[in-house]
Undergrad: 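This is the structure I want to talk about, given as structure tokens.
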Amino acid sequence: QAQLVESGGGLVQAGGSLRLSCVASGTIFRIDQMGWWRDVPGKEREPVAIISADGSTNYDDTVKGRFTISRDNAKTHVYLQMNNLKVDDTAIYYCYGNLEESPGWGNVEYWGKGTPVTVSS
């Protein structure tokens, strides 16, 4: 079974930066997509940034130009560089993976346990 583990959250002042990391491990044949979602109190979990197997990326409009998603060559690590953080970015950030554990098993979505990001004014 695969698992995703995040790190890098914390407390930062508005305008500051943080870098989130996520590593996928365990039984993995292929990772088709990885990304970051966030839980904001009172709202549904929302996508922040996604990177696909071909390297294409998508960002929520609220983070475009401030956040950058990237991954390593092995495609098992994904990162989220967050610059010019705003109070509204305060949330629990979850690593997401859409992957196939073994050939022919089909794709499954995996989630990390989340890492908190708090931006103070």
Side-chain angles (χ1 to χ4, degrees):
Q1 190 172 6
Q3 63 176 354
L4 305 178
V5 179
E6 309 99 333
S7 61
L11 173 65
V12 64
Q13 286 190 325
S17 298
L18 281 175
R19 187 176 189 241
L20 305 183
S21 300
C22 173
V23 56
S25 63
T27 305
I28 299 173
F29 168 63
R30 186 186 69 247
I31 298 176
D32 288 328
Q33 197 176 67
M34 291 188 76
W36 296 91
W37 291 57
R38 64 187 179 188
D39 277 353
V40 177
K43 297 175 64 177
E44 292 185 359
R45 186 171 297 184
E46 59 186 24
V48 177
I50 301 292
I51 186 165
S52 297
D54 62 1
S56 60
T57 58
N58 283 285
Y59 296 91
D60 182 78
D61 286 344
T62 62
V63 307
K64 282 180 180 177
R66 300 188 297 121
F67 291 10
T68 303
I69 189 169
S70 62
R71 65 180 184 203
D72 67 337
N73 288 335
K75 302 178 184 177
T76 56
H77 290 72
V78 66
Y79 309 97
L80 187 67
Q81 178 65 43
M82 305 185 293
N83 297 329
N84 191 21
L85 281 159
K86 303 178 180 180
V87 173
D88 288 348
D89 294 319
T90 296
I92 306 294
Y93 284 71
Y94 294 89
C95 181
Y96 160 85
N98 186 303
L99 57 91
E100 189 172 23
E101 292 174 300
S102 188
W105 283 19
N107 280 47
V108 178
E109 293 185 345
Y110 277 89
W111 296 89
K113 293 183 178 181
T115 184
V117 171
T118 303
V119 185
S120 63
S121 59

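Values below: all heavy atoms of this structure, side chains included; hydrogens, waters and symmetry mates excluded. Numbers for residues simply follow the sequence, beginning at 1.
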Undergrad: Kindly indicate whether the side chain of S52, heavy atoms from C-beta on, has any atom under 4.5 Å from the side chain of D32.
TA: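 S52 does not reach D32 side chain to side chain.
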Undergrad: Below 4.5 Å, heavy atoms only, C-beta onward: do T62 and D88 meet side chain to side chain?
TA: no
Undergrad: Rounded at 0.5 Å granularity, tell me how far CZ in R38 sits from NZ in K43.
TA: 7.0 Å
Undergrad: Under a 4.5 Å side-chain heavy-atom rule over Ile, Leu, Val, Met, Phe, Trp and Tyr, are V63 and I50 clustered together?
TA: no
Undergrad: Tell me whether I51 is reachable from L4 by hopping between hydrophobic residues (I, L, V, M, F, W, Y) whose side-chain heavy atoms are closer than 4.5 Å.
TA: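 Same cluster: L4 reaches I51 through Ile, Leu, Val, Met, Phe, Trp or Tyr contacts under 4.5 Å.
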Undergrad: Hey, any chance Y96 and M82 share a hydrophobic cluster, counting ILVMFWY side chains that come within less than 4.5 Å of each other, even indirectly?
TA: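 Different clusters: Y96 never reaches M82 through Ile, Leu, Val, Met, Phe, Trp or Tyr contacts under 4.5 Å.
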Undergrad: Which donor-acceptor pairs under 3.5 Å do side chains of residues 10-27 form with protein atoms, sequence neighbours excluded?
TA:
unit_1 : atom_1 : unit_2 : atom_2 : d
S17    : OG     : N83    : OD1    : 2.9
T27    : OG1    : Q1     : N      : 3.3

Undergrad: Between S7 and T115, which heavy-atom pair has the shortest distance, and what is it?
TA: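 Scanning both residues completely, I find the closest heavy atoms to be C-OG1, 4.5 Å.
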Undergrad: Mind checking the CE-NE2 spacing from M34 to H77? Nearest 0.5 Å is all I need.
TA: 9.0 Å
Undergrad: Would you call K113-E6 a salt bridge at under 4.0 Å N-O?
TA: no
Undergrad: Report the hydrophobic cluster partners of W105, with the cluster defined as I, L, V, M, F, W, Y residues connected by side-chain heavy atoms closer than 4.5 angstrom, directly or transitively.
TA: none
Undergrad: Which atom pair, heavy atoms only, marks the closest approach of I31 to A53?
TA: O-CB, 4.0 Å
Undergrad: May I ask whether I92 and L80 are part of the same hydrophobic cluster, defined by side-chain heavy atoms of I, L, V, M, F, W, Y residues being less than 4.5 angstrom apart, directly or through others?
TA: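 I92 does not cluster with L80.
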Undergrad: For the side chain of R71 and the backbone of G35, is there at least one donor-acceptor N/O pair under 3.5 Å apart?
TA: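 A pair under 3.5 Å: no.
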Undergrad: Enumerate the disulfide (SG to SG under 2.5 Å) contacts for residues 44-80, please, sequence neighbours excluded, ordered by first and then second residue.
TA: none
Undergrad: Do E101 and Y110 touch side chain to side chain, with heavy atoms closer than 4.5 Å?
TA: yes
Undergrad: Can any side-chain N or O of T90 pair as donor or acceptor with the backbone N or O of V119 at less than 3.5 Å?
TA: yes
Undergrad: Between R45 and Y94 (side chain of the first, backbone of the second, donor and acceptor by atom type, cut-off under 3.5 Å), is there such a pair?
TA: no
Undergrad: How long is the span from the CZ atom in R66 to the CG atom in L85, to the nearest 0.5 Å?
TA: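 Interatomic distance, R66 CZ to L85 CG, rounded to 0.5 Å: 6.5 Å.
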Undergrad: Find out if a path of hydrophobic residues (ILVMFWY) with successive side-chain heavy-atom gaps under 4.5 Å connects V78 to V108.
TA: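 Yes, same cluster.
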Undergrad: Would you say the side chain of Y79 lies within less than 4.5 Å of the side chain of I69, judging by non-hydrogen atoms?
TA: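 Side-chain contact under 4.5 Å: no.
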Undergrad: Is a salt bridge present between K86 and D89, judged by a nitrogen-to-oxygen distance below 4.0 Å?
TA: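 Answer for the salt bridge query: no.
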Undergrad: Relative to the ring of W111, is the ring of W37 parallel (under 30°), tilted (30 to 60°) or perpendicular (over 60°)?
TA: perpendicular
Undergrad: Roughly how far apart are N107 CG and F29 CZ, rounded to 0.5 Å?
TA: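 Answer for the CG-CZ pair, N107 versus F29, is 10.5 Å.
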Undergrad: For the backbone of T76 and the side chain of D72, can you confirm whether one donor and one acceptor N or O come within less than 3.5 Å of each other?
TA: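 Yes, because the side chain of D72 sits within donor-acceptor range (under 3.5 Å) of the backbone of T76.
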